[in-house]
Student: 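Please find one structure pasted underneath; my questions will follow.
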There are 2 protein chains.
Amino acid sequence: MMEEEKKHASLGDSKDEYDELDEETLFIVSQTFKALSEPTRIRILHLISDKEFSVNDIAEHLGLLQSTVSHQLRFLKNLRLVKYRREGTTMYYSMDDNHVLDILNQTINHARHH
Amino acid sequence: MMEEEKKHASLGDSKDEYDELDEETLFIVSQTFKALSEPTRIRILHLISDKEFSVNDIAEHLGLLQSTVSHQLRFLKNLRLVKYRREGTTMYYSMDDNHVLDILNQTINHARHH
DNA sequence: TATAAATATGAACATATAATCATATATTAC
DNA sequence: GTAATATATGATTATATGTTCATATTTATA
């Protein structure tokens, strides 16, 4: 978990400089892809990509425990990838990030066409 | 690690059927995004996206151990995301999947423009 | 063949993470 | 208020994963 430290490339000489990834960008990018790197989360996102679903509906459609779905939805919610609305005691979840949805669909198609 | 089993949705009634993700697609998609979900791998891919680099060059540019880089390159190599060529004892690595590179760049830009 | 240089690999360790279980919270209806 | 329903949450456990260290492998050269 510990890795060598490195001096920052001196900005100024713009010659062979390439655009370094700052820590924040790196974090956001890695978190975004991490959301898409788990079969369970992929299935949830894929399911709710067209229309909203309640937590229980997601669990039933995908054969998952309610608790599992709720945990994963929290993850996706924290990243603002999904949104939700309440109706009584029921929470309806749906997609909230078109860019990520695009990327997911692109990659699904890419994977299918072998 | 064990989750409820579920009967397959009966194909045939095409009414509200949505395109289920088969296991293989799910695996490929998740693996692809997993490759992009780690800061170290992101930095490596981003570095070699324009031109080829040797293992040692990557390690030096990114402040990583040679061993760390080599392990991660094996990961990326197995997914055919990078290719390599030998020159003496030196191995030069470069990108080998434009789709994944596209997705990475898209997401980096998306993350940067806040 | 012996040596050096570059890379790859296996084992060990620490950490991260997903699923599960039990339970808490929130909302509605009575 | 109490009961019922839907969801959220904390703790636990098993597993997956990234880094490090030591060493093996590969290639070139003397």
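Letters A, B, ... are given to chains in the order of the sequence lines, protein chains preceding strands, and every chain is numbered from 1.
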Student: To the nearest Å, give me how far apart CG (Leu26(A)) and P (dG18(D)) are.
Tutor: 14 Å

Student: Starting the side chain at C-beta, find the nucleotide from dT7(D), dA8(C), dT19(D) nearest to Thr40(B).
Tutor: dT19(D)

Student: Atom CD of Glu60(A) to atom P of dT5(D): distance rounded to whole Å?
Tutor: 14 Å

Student: Examine dA8(D): is either OP1 or OP2 under 4.0 Å from a nitrogen or oxygen in the side chain of Tyr93(A)? Give yes or no.
Tutor: yes

Student: Grab the CZ-P distance between Phe27(B) and dA16(D) for me, whole Å please.
Tutor: 12 Å

Student: Is there a donor-acceptor contact under 3.5 Å from the side chain of Arg41(B) to the main chain of Leu73(B)?
Tutor: no

Student: Is a side-chain donor or acceptor of Ser70(A) paired with a backbone partner of Ser67(A) at a separation under 3.5 angstrom?
Tutor: no

Student: Would you say the side-chain atoms of His113(B) pair up with the backbone N or O of Asn109(B), donor to acceptor, closer than 3.5 Å?
Tutor: yes

Student: On DNA chain D, compare the nucleotides closest to Thr90(A) and Arg41(B); which residue's is nearer the 5' end?
Tutor: Thr90(A)

Student: Do any side-chain nitrogens or oxygens of Asn56(A) fall under 4.0 Å of OP1 or OP2 in dT7(D)?
Tutor: yes

Student: Just the rounded figure in Å: distance from P of dT7(D) to CG of Leu65(A).
Tutor: 14 Å

Student: Would a distance-only check, ignoring hydrogens and angles, find a side-chain to backbone donor-acceptor pair under 3.5 Å from Thr68(A) to Leu64(A)?
Tutor: no

Student: Starting from P on dA16(D), measure out to CD on Glu38(B) and report it in whole angstrom.
Tutor: 16 Å

Student: Sub-3.5 Å donor-acceptor pair from the side chain of Arg80(B) to the main-chain atoms of Asp97(B), do we have one?
Tutor: no

Student: Looking at CE of Met95(B) and CG of Leu76(B), how far apart are the two atoms once the value is rounded to the nearest 0.5 Å?
Tutor: 8.5 Å

Student: For residues 70-81 of chain B, which residues have at least one heavy atom under 4.0 Å from DNA chain C?
Tutor: Ser70(B), His71(B), Arg74(B)

Student: When you measure from the side-chain N and O atoms of Lys34(B) to the phosphate of dT17(D), is any distance below 4.0 Å, counting only OP1 and OP2?
Tutor: yes

Student: Starting at CZ of Arg43(A) and ending at C1' of dA18(C), how long is that distance when rounded to a whole Å?
Tutor: 14 Å

Student: What orientation do His110(A) and His99(B) show, parallel under 30°, tilted 30 to 60°, or perpendicular over 60°?
Tutor: parallel

Student: Write down the distance between CZ (Phe53(A)) and C1' (dA6(D)), rounded to a whole number of angstrom.
Tutor: 17 Å

Student: Are Arg85(A) and Glu52(A) within salt-bridge range, i.e. N to O under 4.0 Å?
Tutor: yes

Student: Name the orientation class of the two ring planes belonging to Phe33(A) and Phe33(B) (parallel below 30°, tilted from 30 to 60°, perpendicular beyond 60°).
Tutor: parallel

Student: For a quick check, with a 4.0 angstrom heavy-atom cut-off, what is the B/S/- contact string for nucleotides 22-28 of chain D, read 5' to 3'?
Tutor: ----SBS

Student: Arg85(A) has an atom CZ; how far is it from atom P of dT27(C), in whole Å?
Tutor: 15 Å

